[in-house]
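Here's the structure, in structure tokens; my notes come after.
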Protein chains: 2
Amino acid sequence: MLRLTKRSEYGLMALAFLAAQEPGVYTSVREIVSRLGTPRRLLAEVLKALSQAKVVEATRGPGGGYRMRTPAEELSLSRVIAILEGPVNVARCASEDGCDFQEICTIQEGIAQVADRIKRVLDGYTLADIVRAGSGAAPVLDQLSDPASHQDRSVA
Amino acid sequence: MLRLTKRSEYGLMALAFLAAQEPGVYTSVREIVSRLGTPRRLLAEVLKALSQAKVVEATRGPGGGYRMRTPAEELSLSRVIAILEGPVNVARCASEDGCDFQEICTIQEGIAQVADRIKRVLDGYTLADIVRAGSGAAPVLDQLSDPASHQDRSVA
DNA sequence: GTTATTTAGCACTCATACAGTGCTCTTTCA
DNA sequence: TGAAAGAGCACTGTATGAGTGCTAAATAAC
């Protein structure tokens with residue numbers, strides 16, 4: 001259905017929040033949840049996953065919590081999504097499993113291209129870009145690679 | 001999960017097949033299925049939907065079936081997907097319903113940008129492009145707008 | 001060392017939507 | 001009139017997403 005899961009959304013929200021904190025400071029799940037209003041346990045799981053993937057780091061006990069580990073500028077959207085909902089496979093065709101119709105399917109190549117292009121969009125966006133966009137500024141890579149600006153072939 | 005549904009895949013396969021037939025000739029579901037190996041009833045539903053959306057046209061009775069109505073060059077991927085699985089909303093944030101965290105969410109803008117960019121990729125790809133790719137050729141718009149070629153910031 | 005705080009680990013439930021199928025009706029051509 | 005083909009209708013099973021409860025282990029403060 002070509003949509004991000006809540007896990008990814010919550011994860012990105014939490015990461016944006018953590019990235020905005022004082023560097024080095026730990027913020028607890030309780031505190032993040034009280035700000036964002038997301039389901040507590042779910043966010044905890046998301047953060048745990050991000051912690052295991054070394055995107056954030058955790059400390060237990062009073063005063064503990066999470067803080068950024070990977071700089072926002074180096075954290076791609078595709079990485080976050082891969083951690084929270086598995087690797088991005090826009091089409092089964094393009095996935096490792098391969099498609100069931102390999103022999104006769106004429107769209108495989110084309111779909112793979114599309115999937116690849118979407119993948120690259122996600123690769124190209126960093127957490128920093130996401131946050132930046134929220135503050136009004138345009139993401140860094142717009143000038144390099146926005147297909148939109150060149151493209152008016154839309155039919156829909 | 002950021003993936004196309006089978007409906008879309010089957011639909012695109014069938015459309016590619018129809019687009020490759022003699023212009024004007026009707027091809028029955030039975031025949032398409034016998035070639036593609038997709039589940040019969042499911043493909044029938046998909047084609048019915050495409051017919052109602054005037055992408056293909058149908059005739060009943062012996063010798064009947066489906067044929068293209070919208071030229072492959074004018075049929076965008078996003079249109080097909082919209083018909084077969086509803087409008088593309090990469091993130092709920094970006095959807096019409098709006099997100100539940102509007103007040104505090106700092107990633108909304110950024111996500112909307114990403115969603116928009118993905119949407120444009122899908123807008124920009126036509127059935128003709130998909131088919132072309134399968135025959136070895138590069139899609140028409142690669143030279144205009146492939147972000148990939150400019151972009152090596154991938155972290156993942 | 002006891003206590004409070006906080007992450008870690010584990011498994012289950014509920015809701016949604018995707019995938020697939022059976023049967024009958026209507027249209028159309030031979 | 002009969003056979004072929006799409007149209008209409010609704011249901012079932014499965015996967016995955018979303019959300020929750022409880023307990024254990026670590027750590028800091030007292």
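Throughout, a chain's letter reflects where its sequence line sits, starting with A, and its residues are numbered from 1.
Taking the nucleotide of DNA chain C with the nearest heavy atom to each of A:Ala58 and A:Met1, the more 5' of the two is matched to A:Ala58.
Residue B:Ser28 has its side chain nearest to D:dG6 when only D:dA7, D:dG6, C:dA8 are considered. Distances from the side chain of B:Tyr10 to the nucleotides D:dT20, C:dG20, D:dG8 place C:dG20 closest. Between D:dG6, C:dA8, C:dG20, one nucleotide has an atom nearer to the side chain of A:Lys48 than all others, and that is C:dA8. Of the candidate nucleotides C:dA11, D:dA7, D:dA18, C:dA11 has the atom lying nearest to any side-chain atom of A:Glu45. Distance from the side chain of A:Thr5 is smallest to D:dA18 among C:dT7, C:dA11, D:dA18.
Put simply, CG on A:Asn89 is 17 Å from C1' on C:dC18, counting in whole angstrom units. When rounded to the nearest whole Å, the span between CG of A:Leu2 and C1' of C:dA17 equals 15 Å. Between the CZ atom of A:Arg7 and the P atom of D:dT16 there is a distance of 14 Å, given to the nearest Å. At whole-Å resolution of the value, CG in B:Leu47 and C1' in D:dG6 are 10 Å apart. Spacing between atom CD of A:Glu57 and atom P of D:dT27 amounts to 13 Å, rounded to whole angstrom units. Taking atom CG on B:Leu18 and atom P on D:dG6, their separation rounds to 11 Å, with Å as the unit. Rounded to an integer number of Å, the gap from CZ of A:Arg3 to P of C:dT16 is 12 Å. Rounding to whole angstrom units, CD of residue A:Glu31 and C1' of C:dT7 are separated by 15 Å.
Taking the charged nitrogens against the carboxylate oxygens, A:Asp123 and A:Arg120 have no contact shorter than 4.0 Å, which rules out a salt bridge. Ion pair A:Arg132/A:Asp129 flagged as a salt bridge, since at least one NZ, NE, NH1 or NH2 atom sits closer than 4.0 Å to an Asp/Glu carboxylate oxygen. With salt bridges taken as basic N to acidic carboxylate O contacts below 4.0 Å, one links A:Arg7 and A:Glu45.
When all heavy atoms of B:Ser8 and B:Leu84 are compared, the pair lying nearest together is CA-CD1, 3.9 Å. Summarising the geometry of A:Thr70 relative to A:Lys54, their closest heavy-atom pair is OG1-O, 3.4 Å, with the distance given to 0.1 Å.
Look at B:Arg30 and you won't find any side-chain N or O under 4.0 angstrom from OP1 or OP2 of D:dA3. B:Tyr26 has no side-chain polar atom (N or O) that falls below the 4.0 Å cut-off from OP1 or OP2 of D:dA4. For the OP1/OP2 pair of D:dT20 and a distance below 4.0 Å, the side-chain nitrogens and oxygens of A:Arg40 include no atom meeting the criterion. Dashed line: the shortest gap from a side-chain N or O of B:Gln52 to OP1 or OP2 of D:dG8 is under 4.0 Å.
In the model, B:Thr126 has no side-chain atom that pairs as donor or acceptor with a side-chain atom of B:Glu73 under 3.5 Å.
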Atom pairs under 3.5 Å, N or O on each side, protein against nucleotides 24-30 of chain C: can you list them with distances?
residue, atom, partner, partner atom, Å
C:dT26, O2, B:Arg60, NH1, 2.8
C:dT27, O4', B:Arg60, NH1, 3.1

Identify every side-chain donor-acceptor pair in residues 15-27 of chain A under 3.5 Å, counting partners at least two apart or on other chains, and give the distances.
residue, atom, partner, partner atom, Å
A:Tyr26, OH, A:Thr59, OG1, 3.0
A:Tyr26, OH, A:Arg67, NE, 3.4
A:Tyr26, OH, A:Arg67, NH2, 3.3

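Within the 3.5 Å criterion, the main-chain N or O of A:Leu4 finds a donor-acceptor partner in the side chain of B:Arg92.
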